Amino acid sequence: MQKYCNLNLGWRFKEGFEEEYITGGKDEEGRLVHVPHTVKEVPYDCFDQTMTCMISTYIRSFQLPDMAGKRALVSFEGVSACYDLYINGHKAGSHKGAYSMALFDITEYVTQGGNRMVLCVDSHERSDVPPNGSTVDFLIYGGIYRDVTLYIQEETYVKQVLFRYSLDHGTAVLEPELLIRSHGPERNLWAVTSLQKDGVLVWENRQKIQVSPDTASISLKPGQVGPVGLWQPEDPQLYQAGVELQDEDGRCVDCFQTRIGFRTIQVEPDGFYLNGKRTKLIGLNRHQSYPYAGYAMGRRAQEKDACLLKDFMGLNMVRCSHYMQSRYFLDKCDELGLMVFEEIPGWGYIGDEEFKKVVFQDLENMVLGHFNHPGIVIWGTRLNETTDYDELYEETNRRCKAMDPSRPTTGVRWETGSHLIEDIYSYNDYSEDDQGEHMLLTAHQATGSTKQVPYLVSEHTGAVLPTKPVDSEERQEEFAIRHARAMSKIMTSDQYLGGLGWCMFDYNTHNDHNSVNKVCYHGVLDMFRVPKWAAYLYASQKSPEKEAVLVPCSMVGRGERCEPVPFYVLTNCDYIEVTLSNDITRTYYPSVKFPGLAHPPVLVTENGEFWQHRWTGARIVGYVGDEAVAERRYSDNPRLARLMVEVDDAVLYNDQVDETRVVCTFADEYGNRLYHHPQVVSVSVEGDIELVGPPLIPSLGGCAAFWVRTRAGGTQGTACIHIHTPRPEIDDQTVTIRLEREDEKSF
Ligand code: GAL
């Protein structure tokens, strides 16, 4: 399709809705807002969980050129949760579902020149729209939170191309299927399909096709391409794929561009095979929420999450729990080589026929809409943790397979012995005992069957031991070690295709799922994506060649426990040397208790006689072979010495809403994070940016983090973030951000 412009900027927003808004007048009384937008900013915690359940109105005017012989379409990639669309006073469509994309043909309502669009958005948790209906363990927030795009098309256009292919010994047979819409008379066109690698054309094919208003899909004749580079986690090769429709004079009627990757997937009872190679799936579950902004965070923040999962924590899979996620997130997963398990929205509830209609619509939206992402390797065709409902799930599975026979399906259960309709039996395993020594059921226990089937642990650990960033050393350590035990067990047995920990980061939720403050502390990162020790457990499984990790699960001091030991060190070093105060230097090796881990944690067990001796500091050195690759030092008299301020991006685009995160860490003189230091930072900004959330930010576990976003004012230059804390020994700091334009055409 031919993007005409982006409509993210310049909406007027009003709480509530009146019939008269449809036809106009006093639009300027609405608040000027930009997309991504949330109907209400939500406090960090302790808020009214119904505060975003409301009706609201978004109004936007836009200009169109002469539309003779043309069609106008508008797409909404994500609006939570239901809406009616009005164009120039006429109802042009409606949509149900917070996570699905909708495309409206608005041709009959628009004119050349000025036009006006109104969206009446309902963000109540309606039981006729998944995931709601039960006490859902997350919030759906509300508002237009993903991109809005205007298209101007000829009478025939391509809505999507499904780049289907098969692979044989490195050669691909490409069979693109064009999803077409045509309004004019029957006509002949040329479909020119091309494939580029790093900007170089590697394959092209021309075929004649015939389209008429009845044509919905055209499968092009197969074409052989090869040899092709494979998409694989260590080297995710991507191709630029395109189809141009040309009329008989060679004039372009429409074109479609996407990225694809070639890989094979096979699931067997003994493993998940990617490109013929058995690959253990190790990852985490991800929600798409952020503090204060809810779902309303744009491209950069979405991409950052993918980087944290793949680059920082070294994982190879993410489950998009429990709904379809942003294309920016999925695109980044494709680029990084992060495999994705994506599922339709749902949580513990199946509603009536109206509800099921939305389930089928979501399924189609997910499978057809996200078909070309090579990163997606599993479709989830059940609603998370619903009970067996064979009639519905046979149908979702059948429809999914009909649209995409190339990917395996699954569905996530919390019941053992459920019926297996899909290719993979997925189970959320929180069966660990109180001490967390015995983790995870066997596949047979979970499936309730003696037959071995492909079995995936779709969630583990987090829910059993919620861990706040301010919790004690023991708790934080235990949280990390339970992740280690679960991962080790998964790695050592062929009965598990893999395991996905619950969950990537803490999130806001309903009262039924937290300690009365509306925050669910199940993440290995906190809500601001600041790591708890459990995150370093994953990070420490990376090769030390990528990055040496050396993180003690301790503040390293005599501390609350009177004794400095025992504590684990999360590390990918071969061994560590530890000197605790006046004690001799002792050498420790990875623990034998985690045989499945590439780099098991190291348990530090001994110390000299410290009681009533003065603590003189400590030193931990990590070695790979003979080489010291990481060192940590600890003071004899640790004190607040600095505020380390890190900003994720030095440049933001100001012709759109663009965000970046700032993390302020209170640290001692050796740069060690002071986990138990409660403090406040006060933030002010200068220039064309604003803070997401309040200007006074309490630290959580020794870190205070926040996002800033551009005001989309278009100005270039610099913006400043001033950071102040009340402690006199900490100097005020200023972070400078450069503002540039990415030149997004927006009217
Ligand atoms: C699971 C559910 C998740 C989350 C988790 C822990 O049962 O699938 O969404 O609620 O429990 O809280």
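Counting starts at 1 for both ligands and their atoms, in listed order. Basis for what follows: all heavy atoms, side chains included, without hydrogens, waters or symmetry-related copies. Note that the structure is a prediction, hence the values are computed from the model and not measured.
Of the listed options G346, S458, A463, P131, A463 places a heavy atom closest to atom 6 (C) of ligand 1.
Note that R407 lies in the cation-pi zone of F371, set by a 6.0 Å cut-off to the ring centre and a 45° limit from the axis. For R382 and Y389, the positive end is not near the middle of the six-membered ring at less than 6.0 Å and at most 45° from its axis.
Considering backbone and side-chain atoms alike, E459 places an N or O below 3.5 Å from some N or O of ligand 1. At a 3.5 angstrom cut-off on N or O pairs, H287 does not count as close to ligand 1.
At least one heavy atom of W347 sits under 4.0 Å from some atom of ligand 1.
Residue-level proximity to ligand 1 for H513 is absent, since no heavy atom of it falls below 4.0 angstrom. By the criterion of a heavy-atom distance under 4.0 Å, neither the backbone nor the side chain of W414 is placed next to ligand 1. Heavy atoms of N384 found under 4.0 angstrom from ligand 1 belong exclusively to the side chain. At a 4.0 Å heavy-atom cut-off, ligand 1 touches N428 through the side chain alone.
The ligand atoms of ligand 1 that sit less than 4.0 angstrom from a heavy atom of H522 are 6 (C), 12 (O). Within the listing of ligand 1, atoms 1 (C), 2 (C), 7 (O), 8 (O) sit less than 4.0 angstrom from a heavy atom of E385.
In summary, E303 and R300 do not engage in a salt bridge, as defined by a charged side-chain N under 4.0 Å from a carboxylate O. Remark: R398 does not engage E394 in a salt bridge, criterion side-chain N to carboxylate O under 4.0 Å.
For atom 10 (O) of ligand 1, the nearest protein heavy atom (residue, atom name, distance) is D137 OD2, 2.4 Å. Of the protein's non-hydrogen atoms, the one nearest atom 9 (O) of ligand 1 is H322 NE2, 2.6 Å.
Side-chain polar atoms of D429 and H460 form no donor-acceptor pair below 3.5 angstrom. Side chain to side chain, W502 and N428 fail the donor-acceptor criterion of an N or O pair below 3.5 Å.
Residues Y295 and Y99 have side chains in contact (heavy-atom distance under 4.5 Å, counting atoms from C-beta outward).
Shortest non-hydrogen contact noted between K489 and L440 is NZ-O, 2.9 Å.
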